[in-house]
Protein chains: 2
Amino acid sequence: MSKHGGADERALPQLADLVGCCSPLAREPLSAEQSTELARVFKAMGDPVRLRLLSLIASHAGGEACVCDLTDVFDLSGPTISHHLKVLREAGLITGERRGTWVYYRIQPGVLEALAAVLVPAVPQAVPTDLESATIPEGRRELPVVEA
Amino acid sequence: MSKHGGADERALPQLADLVGCCSPLAREPLSAEQSTELARVFKAMGDPVRLRLLSLIASHAGGEACVCDLTDVFDLSGPTISHHLKVLREAGLITGERRGTWVYYRIQPGVLEALAAVLVPAVPQAVPTDLESATIPEGRRELPVVEA
DNA sequence: TGTCAAGGTAGAAGAATGTCGAAACACGGT
DNA sequence: ACCGTGTTTCGACATTCTTCTACCTTGACA
């Protein structure tokens, strides 16, 4: 059985399904489920090596990179690189394909756009960090308690 | 010395300075320093509780939320929430301000937009979560080119 | 000034993570 | 069929992370 395209991707969160087509972080509180799945993706990106791997793959000519190219960039052992690639794969950020001797990785199409869409509202012409009610007095407001 | 606004934020990466005003992940490989600093931010978001905290703060009325409100949402102890808020603070994602008895947190202005700008060339006006991301605004032409 | 509540710090226990070397697996070539 | 190279899996170990309880700091108010 092939390692890639097999059991790994079956847990793919499919970001778009999870957060809706364009549900920004700031519009309404994330549910426990949503935050768990989203955090899985961000955690995968929360390592310098993995982030750099992601960038190397994304910026590589043809949109894909061979593991052999990636390994040379770091001062890390082969198994370690392989481990990080697996984490990225299971987070749904990249996909791997074996062609002959080498394995090529590429960014999962649309996933970066989906992530960006989670972070900012769809129309980012101006940063709405200070709303019209930016001056709030001492009183505390109620939070839409989202059920633990 | 005040805890907030003091030693914590002095290590603030100031995302924009680090990755340039709009240096997407896919345009050129991240340097070791860039990936280290960026990973610090993503790692902070790589926890379900912290991601939910971020969302609760961002979506709260007035753009800020009191710690007392945040604590109620989770089934976690106060110190644990405080710890997660500190991580978010040191990552440059939120800022805290004490007003009277309560401490209010808000999203660091522009940080989410900067992150989104790292992920995609230019924050798209409409989110192309479906594969038909045909109208890519500017830059990044390599990715779609796939020669099998 | 004393007391109370909100929030932070300190230290510790248990789980998760990053890294390695050794071994296994998958190909291509001889 | 065998060997060599590229890649992944397997155990193992040190480090980091999440969470807790106990205690401390800050500010409001009588």
Enquirer: Rounding to an integer number of Å, can you tell me how far B/R50 CZ sits from D/dT16 C1'?
Expert: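 B/R50 atom CZ is separated from D/dT16 atom C1' by 12 Å.
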Enquirer: For the pair made of CG in A/L88 and C1' in C/dT17, what is the distance, rounded to whole Å?
Expert: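 Whole-Å distance recorded here is 14 Å.
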Enquirer: So what does A/G100 hit on the nucleic acid, given a heavy-atom distance under 4.0 Å: a base, only sugar-phosphate, or nothing?
Expert: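 Contact class for A/G100: sugar-phosphate only.
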Enquirer: Side-chain N or O of B/Y105 less than 4.0 angstrom from OP1 or OP2 on C/dA6?
Expert: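 No.
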Enquirer: Considering only D/dT19, D/dT9, C/dT19, which nucleotide approaches the side chain of B/H83 most closely?
Expert: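 Within the option list, the nearest is D/dT19.
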Enquirer: Can you measure A/H84 atom NE2 to D/dT9 atom P for me and round it to whole angstrom units?
Expert: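 Value for this atom pair: 14 Å.
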Enquirer: Quickly work out the A/L85 CG to C/dG18 P distance and round it to whole Å.
Expert: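 Value for this atom pair: 13 Å.
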Enquirer: Any heavy-atom pair between the side chains of A/L56 and A/F74 that's under 4.5 Å?
Expert: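 Yes, close enough: below the 4.5 Å cut-off.
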Enquirer: Can you tell me how far C1' of C/dG18 sits from CG of A/L76, to the nearest Å?
Expert: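 Rounded to the whole Å, the gap is 9 Å.
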Enquirer: Of the nucleotides C/dT19, C/dG7, C/dG8, which one has an atom closest to the side chain of B/C68?
Expert: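 Per side-chain heavy atoms of B/C68, the pick is C/dG7.
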Enquirer: Expressed in angstrom and rounded to an integer, what is the separation of A/K43 atom NZ from D/dT16 atom P?
Expert: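 Between P of D/dT16 and NZ of A/K43: 17 Å.
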Enquirer: Given atom CH2 of A/W102 and atom C1' of C/dG29, what is their separation to the nearest angstrom?
Expert: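 The answer, rounded to whole Å, is 12 Å.
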Enquirer: So, OP1 or OP2 of D/dT7: does either fall under 4.0 Å of a side-chain N or O from A/Y104?
Expert: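 Answer no for this pair, as no side-chain N or O of A/Y104 is under 4.0 Å from OP1 or OP2.
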Enquirer: With nearest nucleotides of DNA chain C determined for A/S77 and A/T101 from heavy-atom distances, which residue corresponds to the more 5′ nucleotide?
Expert: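 So the residue in question is A/S77.
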Enquirer: Of the listed nucleotides (C/dT19, D/dT8, D/dT7), which one gets closest to any side-chain atom of A/C66?
Expert: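 Taking heavy atoms from C-beta onward, the closest nucleotide is D/dT7.
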Enquirer: Which nucleotide, C/dG7, D/dT18, D/dT9, lies nearest any side-chain atom of A/R89?
Expert: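 Given the options C/dG7, D/dT18, D/dT9, the side chain of A/R89 is closest to D/dT9.
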Enquirer: Write down the atom of A/H84, the atom of A/D47, and the distance for their closest heavy-atom approach.
Expert: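 It is CE1-OD1, 3.8 Å.
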Enquirer: Scan B/I81 against the nucleic acid and name what it touches under 4.0 Å (heavy atoms): base, sugar-phosphate only, or nothing.
Expert: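 Answer is nothing: B/I81 stays at 4.0 Å or more from every strand.
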Enquirer: Given C/dG7, C/dA10, D/dT7, which nucleotide is nearest the side-chain atoms of B/P79?
Expert: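 Of the options given, the side chain of B/P79 lies nearest C/dA10.
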Enquirer: Evaluate whether atom CG of A/D75 has more than 12 neighbouring non-hydrogen atoms of other residues, nucleotides or ligands under 6.0 angstrom away.
Expert: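 Not buried by this count: 12 neighbours or fewer within 6.0 Å.
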Enquirer: Quick one: on DNA chain C, does B/V67 or A/V87 contact a more 5' nucleotide (nearest heavy atom)?
Expert: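 Nearer the 5' end of the strand: B/V67.
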Enquirer: Of all the nucleotides listed (D/dT8, C/dG8, D/dT9), which has the minimum atom distance to the side chain of B/S82?
Expert: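 Nucleotide nearest to B/S82's side chain: C/dG8.
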Enquirer: Might you point out which heavy atoms bring B/R89 and B/G96 nearest each other, and give the distance in Å?
Expert: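 For B/R89 versus B/G96, the nearest heavy atoms are CD-N, 4.3 Å.
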Enquirer: How long is the line joining CZ of A/F42 and C1' of C/dT17, in whole Å?
Expert: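 Distance, rounded to whole Å: 20 Å.
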Enquirer: Any chance you could lay out the side chain to side chain contact (heavy atoms under 4.5 Å, CB included) test for B/L25 and A/I107, step after step, and finish with the verdict?
Expert: CA-CA 11 Å; B/L25 210 62; A/I107 304 291; over 6 Å; no
